[in-house]
Amino acid sequence: MTLPDGMVRAVYKASEVTQYLGNPLIEALPPLLDRRQLKDGLSGQIVLRPTDVFLDGQTRIHVISQLLDGFFQPLSRHIELESKLSIMLRQGYVGRNMATGELNAHIQNGYERVMQGDLDVFRFEHVESTAKSLAFIGCSGSGKTSSLNRILATYPHLVHHEKYNFIQIVFLKIDCPHDGSLKSLCHNFFREIDAVLATNYVRRYAEKRHSVETLIAMMAHIANTHAIGLLVIDEIQHLSVKRSGGAERMLNFFVTLVNEISVPVIMVGTPKARSVFESDLRSARRGAGFGSIFWEPLSKPAVQQDVSRTEWGAFTSRLWKYQWLTKASPEVSDEIRDTWYDLSQGIMDIVIKLFVLSQIRAVVTGIERITPALMKKVYEDELKPIHPMIDALRSGDVEKIAEFSDLMMPNIDKKVLELGCMLQSNYERLEAA
């Protein structure tokens, strides 16, 4: 039998964790990775060939641009995130073992709730949820979504258990709707299931006038029917407190989601989402059942610190190696690193994009090296839309930072294209002369 894309055939490996033994949904997952294996698995795969430095300018622009999506430097924050995700995923399956009938009990309870339209109804009283939730907050450009995608990519999306005639959805990732309503969020859940399994849940459930509570009961039933291991809800800041009936109702929605669906939930958003979880984050209870992760921008090392031993130093030193300039210096100077930090404020997405655009500008202008002056010029010319956000971060004013936390980076592909056109114009002028 040929399996569709994204699906693997279950191969069971006994776990070293007693709690996980004999659970097919866990034992079909990849083995737990140590720190070195994890770093190797998450690192970006970019080929750096010394001869590429001597390619023509137009070709080098393409080579340099691969850093935008291909560069990834695993840091301690990524290791922490992977560890929490790994524990949440496996612990969430502890109470849903299909080999012992626990999963069927969850499915039967879900069926009763759907049929009776009551979230408090159950058939099997002994069934307990081992699911946890996590609030994952960080400013735009801090790498939340890309990091999650890389970590999730170390797992199969779907697992076919031939012995049990069962297809397991290891993880499901949905985005919050732009209209900000909880009902639309529920509908996005059904759409994603349909996209993954080619089912018709949207037509069966979403196109009817059900209440949010009824939709949660249906989500719970479907989530257990397909043994979803982890539900990731991205862009949580798009939820509207007003359209959703207030912050308390929104928080209750997520609490109910975790408790009733019995599936671990990761809620991802920018600091604008903090209003939903504010009371919860202070008390570290309810919606943040497995805690909270706040991703601040990389911090600038203190004057007396050895930069090479800091995350900022490790990140920039690794990135600096990926240069395709004929006059590139082998090491990052303190002046360049200080300028780089001042213009990016440690936001990793901006750090990379500023570096890429500076390299391309160095090729276009013919200076073939990155200097502090060049970086400043690129920042002024190409990154104007993010100046308010960078100014807010420099100020250290929490209210200003929250105001600009959702600011998106400008269209970098367009900037690369414009610089490429400039380079072509330079060639044409030289040929005409």
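The closest side-chain heavy-atom distance from K327 to I367 is not below 4.5 Å. Put simply, the side chain of I137 does not reach to within 4.5 Å of the side chain of T270, judged on heavy atoms. The shortest distance between side-chain heavy atoms of W324 and V363 does not fall below 4.5 Å. Proximity of S146 to N149: side-chain heavy atoms (C-beta onward) are nowhere separated by under 4.5 Å. Two residues are said to be in side-chain contact when any heavy atoms from C-beta on lie closer than 4.5 Å; L325 and Q359 meet this criterion. You'll find the side chain of V356 stays beyond 4.5 Å of the side chain of L354, heavy atoms only. For the pair M267 and S133, the minimum side-chain heavy-atom distance is below 4.5 Å. Residues E80 and L75 fail the side-chain proximity criterion, which asks for heavy atoms closer than 4.5 Å.
Shown here for V159 and A28, the closest heavy-atom pair between the two residues is CG1-CB, 4.1 Å. A pairwise comparison of heavy atoms in P24 and N97 identifies CD-OD1, 3.3 Å as the closest pair. The two atoms that bring L197 and I167 nearest to each other are CD2-CG2, 4.1 Å, heavy atoms only. The two residues I46 and G70 have their closest heavy-atom pair at CD1-C, 3.6 Å. Y341 and L298 get closest at one heavy-atom pair: OH-O, 2.9 Å. Of all heavy-atom pairs spanning S344 and I390, the tightest one is O-CD1, 3.6 Å.
Put simply, CH2 on W320 and OG on S329 are 4.5 Å apart, with the number rounded to the nearest 0.5 Å. Here the straight-line distance linking atom OG of S43 with atom CZ of F71 works out to 8.5 Å at 0.5 Å rounding. If you take NZ on K321 and CG on L319, they are separated by 11.0 Å, rounding to the nearest 0.5 Å. Taken from CD in E192 to CD1 in I169, the straight-line distance is 9.0 Å, to the nearest 0.5 Å. Interatomic distance, CG of L357 versus CG of D381, reported as 10.5 Å (0.5 Å rounding). Between the NZ atom in K144 and the CD1 atom in I266 there is a gap of 13.0 Å [rounded to 0.5 Å].
Residues Y12 and H161 bring their aromatic ring centres within 6.0 Å. Proximity of the aromatic rings of H387 and Y379 is defined here by a centroid distance below 6.0 angstrom, and this criterion is met. Checked against the 6.0 Å centroid criterion, the rings of F171 and H157 qualify as a close aromatic pair. Taking the six-membered ring for Trp and the full ring otherwise, the centers of H78 and F72 sit less than 6.0 Å from each other.
Judged by distance alone, with hydrogens and angles left aside, the side-chain atoms of Y322 form no donor-acceptor pair with the main-chain N or O of I64 at under 3.5 Å. One N or O on the side chain of Q305 and one on the backbone of A302 form a donor-acceptor pair closer than 3.5 Å. At least one donor-acceptor pair under 3.5 Å links the side chain of Q66 to the backbone N or O of V63. No donor-acceptor distance shorter than 3.5 angstrom exists from the side chain of E235 to the backbone of D175, with no hydrogens or angles considered. Looking only at distances, a side-chain donor or acceptor of S395 sits under 3.5 Å from a matching main-chain atom of A392. Of the possible polar contacts, none joining the T214 side chain to the H210 backbone as a donor-acceptor pair under 3.5 Å is found. With Q37 contributing its side chain and D34 its backbone, the two residues share a donor-acceptor pair below 3.5 Å. With hydrogens and angles disregarded, a donor-acceptor distance shorter than 3.5 Å links the side chain of R96 to the backbone of G92. Side chain of R60 to main chain of L55: a donor-acceptor pair is present (N/O by atom type, distance under 3.5 Å, no hydrogens or angles). Under the 3.5 Å distance criterion, the side-chain polar atoms of T310 are matched with a main-chain donor or acceptor of V307.
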Test side-chain contact (heavy atoms from CB on, under 4.5 Å) on I233 and V265; report intermediate values, then the result.
CA-CA 7 Å; I233 305 176; V265 178; 3.9 Å; yes
Dump the intermediate steps for side-chain contact (heavy atoms from CB on, under 4.5 Å) on L158 and V170, then the final yes or no.
CA-CA 6 Å; L158 303 169; V170 178; over 6 Å; no
Does the pair L383 and L343 meet the rule for a side-chain contact (heavy atoms from CB on, under 4.5 Å), with working shown?
CA-CA 10 Å; L383 301 177; L343 301 178; over 6 Å; no
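Comment: D342 does not engage K376 in a salt bridge, judged by the lack of any side-chain N to carboxylate O separation of less than 4.0 angstrom. In this structure, D194 does not pair ionically with R191, as no charged nitrogen and carboxylate oxygen lie closer than 4.0 Å. Of the charged side-chain nitrogens involved, none lies within less than 4.0 Å of a carboxylate oxygen, so that K353 and E382 do not count as a salt-bridged pair. Salt-bridge formation is detected for the pair R36/D40: a Lys NZ or Arg NE/NH1/NH2 atom is positioned less than 4.0 Å from an Asp or Glu carboxylate oxygen. Using a cut-off of 4.0 Å between Lys/Arg side-chain N and Asp/Glu carboxylate O, R337 and D334 are scored as not salt-bridged. A salt bridge does not link R77 with E82: every distance from a Lys NZ or Arg NE/NH1/NH2 to an Asp or Glu carboxylate oxygen is 4.0 Å or more. A salt bridge links K173 with D234; the closest basic N to acidic carboxylate O contact falls under 4.0 Å.
Annotation: R203, atom CZ; neighbour count of heavy atoms from other residues, nucleotides and ligands within 6.0 Å does not exceed 12.
Between the side chains of E311 and Q73, not a single donor N or O lies within less than 3.5 Å of an accepting N or O. Side-chain N/O atoms of S15 and R90 include no donor and acceptor closer than 3.5 Å. Side chains of D56 and T59: a donor on one and an acceptor on the other come within 3.5 Å. For the residue pair Y93/Q168, the side-chain donor-acceptor check at 3.5 Å is satisfied.
Between H187 and F190, the angle of the ring planes lies from 30° to 60°, which puts this pair in the tilted group.
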